[in-house]
Amino acid sequence: MPVLAEPSSGVREETWYCPHQQQVLTRWGGQVRQAIVVGTPTLSRPVGRLLARPDVRVIVLATTSDPVRPWPDLFGNAHWVGPDLEWDVEFAPQVRDWGRELLARARGLTAGIEAAPTAGLGVARAVWDSVEPDQILLAGASNAIRYLDLAAPRPARAQVFANRGQAGIDGTIATALGLHAGSGKAVRVLLGDLTAIHDVGSLALPSGAEADVDLVVIDDSGGQIFRTLEHGQAASESHYQQLFAMGVNVDYRALAAAFGWEFAELVWHEGGAGELAQILTQYRGGRRLVRVSCDHSQVGEQLRAVIAGG
C-alpha cells in the first residue's frame with residue numbers, strides 16, 4: 001500500500017513510498033477509504049482532513065504499552081487501536097491496482113513541482129538531495145519542513161530530525177550542535193530566517209570548540225508560513241508584514257564573522273538550484289552559514305497553487 005510520510009518520519013524504503021503527500025491527498029484523497037496511522041501526524045492539513053473524515057476507517061498502531069499515554073488519534077476518529085498488525089493479508093486485486101495507480105500519479109507530479117517558481121521549494125529540494133547517508137539533516141519548523149514535505153521526490157538518504165510542537169522554532173541551531181555532538185556526524189540544517197535569528201546565541205561556541213554544522217537559511221523576510229494560513233488571508237498587506245511576517249534586517253555575513261562561522265550567500269534566481277547545489281557540495285566540514293535570499297511576495301499564492309495543482 002502507498003506509504004505517506006512526513007520528512008522526519010524515518011521512512012527510507014522506496015518501493016511503496018508515496019511522494020508529495022499533500023498534493024496527492026488534495027487531488028485524490030477522496031478515494032481513500034482506510035488509513036493506517038503509525039506515529040503522530042502533525043504536519044500537513046490534508047493528512048489531518050483525511051483522518052477526520054467519518055467515511056474513512058482509521059486504524060491506529062499504538063507504539064507504547066503505557067496505558068496512560070494517549071495514542072495518536074488526533075481527531076477522536078479511530079475505529080481500531082492496537083499494538084501491531086498481522087500482515088499476512090492478501091489485498092483484493094482492485095485494491096492493489098489502485099495503490100499502484102496512486103503511486104504512479106504521485107511520482108508524475110514531481111516534474112511540475114520542480115518547475116514551480118517558489119524559491120523555498122527549490123532550496124528544499126537541493127538540500128534534500130545534498131545530504132549523504134553518513135550525515136544528518138535537521139529540518140527547521142514552519143515553512144522549512146513544509147517545503148521538504150511538498151518538494152521531496154524520494155525518501156531521505158540520511159537520518160532526518162525536526163523539533164515539533166507549538167514552539168518548534170526554539171533552539172534549532174542548538175539542536176543541530178547537539179545532534180553533531182551526540183552522533184559525530186556532520187549536520188546540515190534547513191531553516192528560515194526567523195528560526196535562525198530566534199536562536200542566534202547558539203552560534204557562540206566555547207573557546208576552542210568546533211562542530212560540523214552547515215546552516216542553510218532561507219531568508220524570505222520573516223514568517224511567510226502565515227501567508228498559507230488564515231492569518232495571511234485575513235490581514236491587509238501592511239498588517240500582515242507588521243504582525244505576522246516580522247521580517248528583520250540582518251547582515252548575515254557580519255553575523256557569521258562575529259561568531260567565527262564561514263559564510264556563503266546566494267540571491268535566488270531562475271536556475272539557482274544548480275548554483276546552490278555547487279555551494280552545498282563545496283562544504284568540507286566545520287561551521288558554515290549559507291544565506292539564500294528569496295522573494296517573499298508570492299509565497300502564499302505559489303504554495304497554494306502547488307498543493308492544488310495549479
Side-chain angles (χ1 to χ4, degrees), residues 1-110 112-113 139 145-146 148-156 160 162 164-166 168 228-230 303-304 306-310:
M1 287 293 95
V3 176
L4 284 71
E6 296 182 4
S8 57
S9 64
V11 170
R12 306 283 284 279
E13 173 56 49
E14 187 105 23
T15 305
W16 285 101
Y17 175 80
C18 185
H20 316 307
Q21 62 169 347
Q22 297 190 51
Q23 297 94 318
V24 166
L25 290 179
T26 300
R27 293 163 176 75
W28 306 295
Q31 301 175 7
V32 177
R33 292 293 174 264
Q34 179 165 271
I36 299 169
V37 180
V38 183
T40 306
T42 61
L43 184 60
S44 107
R45 291 192 173 191
V47 171
R49 286 193 291 268
L50 172 73
L51 299 180
R53 277 171 39 196
D55 62 324
V56 174
R57 185 171 186 260
V58 178
I59 296 173
V60 176
L61 298 190
T63 56
T64 176
S65 59
D66 184 352
V68 177
R69 182 178 176 184
W71 53 78
D73 180 17
L74 302 183
F75 302 95
N77 199 32
H79 290 67
W80 185 88
V81 179
D84 203 352
L85 288 176
E86 295 292 338
W87 290 105
D88 55 345
V89 175
E90 186 68 24
F91 289 107
Q94 61 267 31
V95 176
R96 293 199 304 273
D97 292 344
W98 172 84
R100 294 190 184 98
E101 181 182 353
L102 189 69
L103 283 176
R105 290 178 180 178
R107 291 163 182 164
L109 296 174
T110 299
I113 294 169
I145 191 169
R146 286 169 173 81
L148 293 173
D149 191 56
L150 289 168
R154 63 189 68 83
V160 182
R164 306 302 303 141
Q166 188 172 8
T228 66
L229 304 177
E230 294 81 1
L303 288 181
R304 281 190 288 271
V306 167
I307 295 172

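Using a 4.5 Å heavy-atom threshold, the side chains of Ile36 and Met1 count as separate.
The side-chain contact (heavy atoms from CB on, under 4.5 Å) check on Ser44 picks up Gln21, Gln22, Pro46, Val47, Asp149, with sequence neighbours excluded. Under the rule for a side chain to side chain donor-acceptor pair (under 3.5 Å), Gln94 has no partner lying at least two apart in sequence or in another chain. Partners of Arg33 under the salt bridge (charged side-chain N to carboxylate O under 4.0 Å, His left out) rule, at least two apart in sequence or in another chain, are Asp55. For Arg107, there are no salt bridge (charged side-chain N to carboxylate O under 4.0 Å, His left out) partners, not counting sequence neighbours. Every side-chain contact (heavy atoms from CB on, under 4.5 Å) that Ala162 has, sequence neighbours left out, goes to Ser8, Ala139, Ile145, Arg164. Residues satisfying the side chain to side chain donor-acceptor pair (under 3.5 Å) test with Arg49, not counting sequence neighbours, are none.
Here the closest heavy-atom approach between residue Ala78 and residue Val60 is recorded as CB-CG2, 3.8 Å. For the pair Pro153 and Thr110, the tightest heavy-atom approach, listed with the atom from each and the gap, is CB-CG2, 3.7 Å. Heavy-atom minimum distance, Leu51 versus Val37: CD2-CG2, 3.7 Å. The two residues Tyr17 and Ala152 make their nearest non-hydrogen contact at OH-O, 4.3 Å. Of all heavy-atom pairs spanning Asn77 and Val56, the tightest one is ND2-O, 4.2 Å. Smallest separation of non-hydrogen atoms from Leu25 and Leu50: CD2-CD2, 4.1 Å.
Rounding to the nearest 0.5 Å gives a distance of 12.5 Å between CZ of Phe75 and CZ of Arg53. Taken from CH2 in Trp16 to CG in Leu4, the straight-line distance is 12.5 Å, to the nearest 0.5 Å.
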Self-check item: Val24/Leu109 under side-chain contact (heavy atoms from CB on, under 4.5 Å): CA gap, chis, key distance, verdict
Solution: CA-CA 9 Å; Val24 166; Leu109 296 174; 4.1 Å; yes
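Listed by first and then second residue, the salt bridge (charged side-chain N to carboxylate O under 4.0 Å, His left out) pairs that reach into residues 5-15 come to none, sequence neighbours excluded. Residue pairs meeting the salt bridge (charged side-chain N to carboxylate O under 4.0 Å, His left out) criterion with at least one member in residues 95-104, sequence neighbours excluded, are Glu90-Arg96, Asp97-Arg100, Glu101-Arg105.
A donor-acceptor pair under 3.5 Å links the side-chain atoms of His79 to the main chain of Val58, judged by distance alone. Listed for the His20 side chain is no donor-acceptor partner under 3.5 Å among the backbone atoms of Cys18.
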